Amino acid sequence: MEGQKQERWILHVDMDAFYASVEQQDHPEYQGLPVVVGGRSARGVVATCSYEARQYGIHSAMPLFTARRLCPQAVFLPVRMARYTEVSEQIMNIFRETSPLVEQLSVDEAFLDLSGMERLGGAEHIAREVQARIARELHLSASVGLAPNKFLAKLASDLRKPHGFVRITAGEAESLLAPMPVRKIFGIGTQAARKLEQFGIVTIGQLVRTDSMVLRQVFGSNAGRVRDLARGLDDRPVVPEEEAKSIGKETTFEHDLMGYEACHDRILDLAGQTGWRLRKAGLAGRTVTVKVRYGDFHTVTRSASSDRLIAWDEDIFRLADGLLRKTDLRQGVRLLGVTVSDLQRPDDAPVLAFAEDERLARRNRALDVLKDKFGEQIIHRGGTPAATIRKERNPQS
Ligand code: DCP
Ligand code: MG
């Protein structure tokens, strides 16, 4: 119909109890048991736990000693990040075989744009097939949400965990949202929720009916956007990896790092992992950003730009290290991240072609082969053992 915008179908898939489910799959003797995955250390917190363990009140980010108290008979396991990353790749491959538009959000979740796939049986059929393939091929359980936009799809996948399948249509979105607490809208954190409560606004339905003046008081220039979300409207596109605005890697440490030397080694690793990702994506960039989060969660980012495109580990590291040297490292560092932005696809497709330095190119290629084969954890150029890493993320925007 002319003038009428065609409806989109966005799928959000989120694995159920991801790390714990992988452990149960790898160790069948743990199936059906409460399984808690978490770091064994001073900072020991629960990364996740099986649904069996959730019945005891255990949840992510809870101190391990609390979890032990709640359920002493649970199986306690360390985090095997390399393994979860490997399984994550297999999941993402299923997604990429399903749709050309896949946006990975974290190790266990992604958006897929399934619009216009009527000839393949329609969005619902495809969505069920994705869930079934994950079960059939990987023996893992996923929850999926199918909706006309990202906001509703993510909300939907969370409604009937585990192994949920929830479809929300544009017509039913507003009434479904109305009784939900305002916190269900991403971007509304504890503070905004508290402010809204002072105006007597607790549910999304109340938010929709709130006077614009009030919304502007709480959300400033984002007021319109918040009201749209409250009505179930969201036009953000699914942005596949190739079109990512930045590619990078960040790591949270078991113990805060003290001083430049300790951080230097980790930045070397992060630069290498970022470079590998860039080259895999066939991209190069100009700006390198270093993110430093201190033990008290105070976070600083610093950026530097190069006048030419860079994709080699060494080039990324040189800029990142320069930034690190300018950063105050006298207090403990909890998290470090390196990202490359201002991305471009170099003119002659393979990014490896613009090597002025053949030696550099050879070395990077040799590392790439290893990482492709064994995963990015294989190379640690710095001195800090991988065992001290608590959490890794691939920030992408
Ligand atoms: N994770 C972590 N620390 C947290 C939260 C999560 O290390 N505070 C890790 C472990 C999870 C994975 O990330 O398995 C995915 O996070 P989810 O929030 O999707 O949690 P789960 O997949 O474990 O459970 P759910 O079924 O609720 O999605
Ligand atoms: Mg999950």
Side-chain angles (χ1 to χ4, degrees), residues 11-27 30-41 43-64 66-67 71 74-92 94-95 103-112 130-131 134-135 138-145 150 153-166 183-184 186 189-190 249-254 293 297 334-335 337 377 386-396:
L11 181 68
H12 180 259
V13 186
D14 187 309
M15 302 301 293
D16 299 322
F18 184 51
Y19 296 2
S21 304
V22 172
E23 295 297 347
Q24 285 177 319
Q25 181 51 32
D26 287 354
H27 308 275
Y30 299 154
Q31 270 166 23
L33 300 180
V35 170
V36 179
V37 181
R40 284 180 182 149
S41 75
R43 202 173 249 149
V45 290
V46 175
T48 192
C49 60
S50 65
Y51 277 79
E52 292 86 352
R54 292 182 197 196
Q55 290 176 357
Y56 295 86
I58 302 175
H59 57 76
S60 291
M62 168 184 277
L64 276 172
T66 312
C71 185
V75 180
F76 287 85
L77 300 170
V79 174
R80 290 189 300 145
M81 200 59 221
R83 174 67 181 136
Y84 314 140
T85 309
E86 186 179 65
V87 177
S88 174
E89 261 318 300
Q90 294 168 346
I91 297 165
M92 297 304 151
I94 292 181
F95 297 163
E103 180 176 340
Q104 181 172 357
L105 294 181
S106 75
V107 71
D108 86 324
E109 59 178 320
F111 286 118
L112 284 72
V130 168
Q131 194 179 33
I134 292 172
L138 306 175
H139 309 285
L140 290 171
S141 168
S143 290
V144 304
K150 281 181 161 181
K154 189 162 160 88
L155 189 96
S157 72
D158 201 42
L159 285 180
R160 296 220 187 103
K161 264 186 168 290
H163 210 69
F165 185 102
V166 176
R183 287 289 302 266
K184 287 275 177 193
F186 61 86
T190 318
K249 183 85 192 171
E250 62 184 46
T251 302
T252 305
F253 308 103
E254 289 284 1
R293 175 168 295 150
F297 276 81
R334 177 190 166 83
L335 171 150
Q377 307 290 343
T388 58
I389 297 170
R390 186 160 74 93
K391 195 169 172 190
E392 304 215 289
R393 230 169 60 84
N394 319 321
Q396 238 157 46

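As the structure is a computational prediction, the values presented were derived from the model and not from experiment. As the structure lists them, so they are numbered: ligands from 1, and atoms in each ligand from 1.
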query: Hey, does V46 come in under 3.5 Å of ligand 1, counting only N/O atoms on both sides?
result: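 The answer is no, given that V46 and ligand 1 share no N or O pair closer than 3.5 Å.
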- Using distance alone, decide if ligand 1 has a nitrogen or oxygen within less than 3.5 Å of any nitrogen or oxygen in M15. yes
Side chain, backbone, both or neither: which applies to [X] and ligand 1 if a contact is any heavy-atom pair less than 4.0 Å apart?
X: E109; value: neither
X: Y84; value: neither
X: R54; value: side chain

Is [X] close enough to the Mg ion (ligand 2) to have an N, O or S atom under 2.8 Å?
X: D16; value: no
X: T48; value: no
X: D108; value: yes

query: For the Mg ion (ligand 2), what is the closest N, O or S atom on D14?
result: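 That would be atom OD1.
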Taking the side chain as every heavy atom from C-beta outward, state whether I58 and E52 have any atom pair closer than 4.5 Å.
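In short, these two side chains do not touch, never coming nearer than 4.5 Å.
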**Prompt:** Among side-chain atoms of S143 and D16, is any donor-acceptor pair under 3.5 angstrom?
**Reply:**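 Short answer, yes.
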**Message:** Within the supplied structure, the quantity of interest is the number of heavy atoms (other residues, nucleotides, ligands) at a distance under 6.0 Å from R80 CZ; does it exceed 12?
**Reply:**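 Counting neighbours around CZ of R80, more than 12 heavy atoms of other residues, nucleotides or ligands fall under 6.0 Å, so yes.
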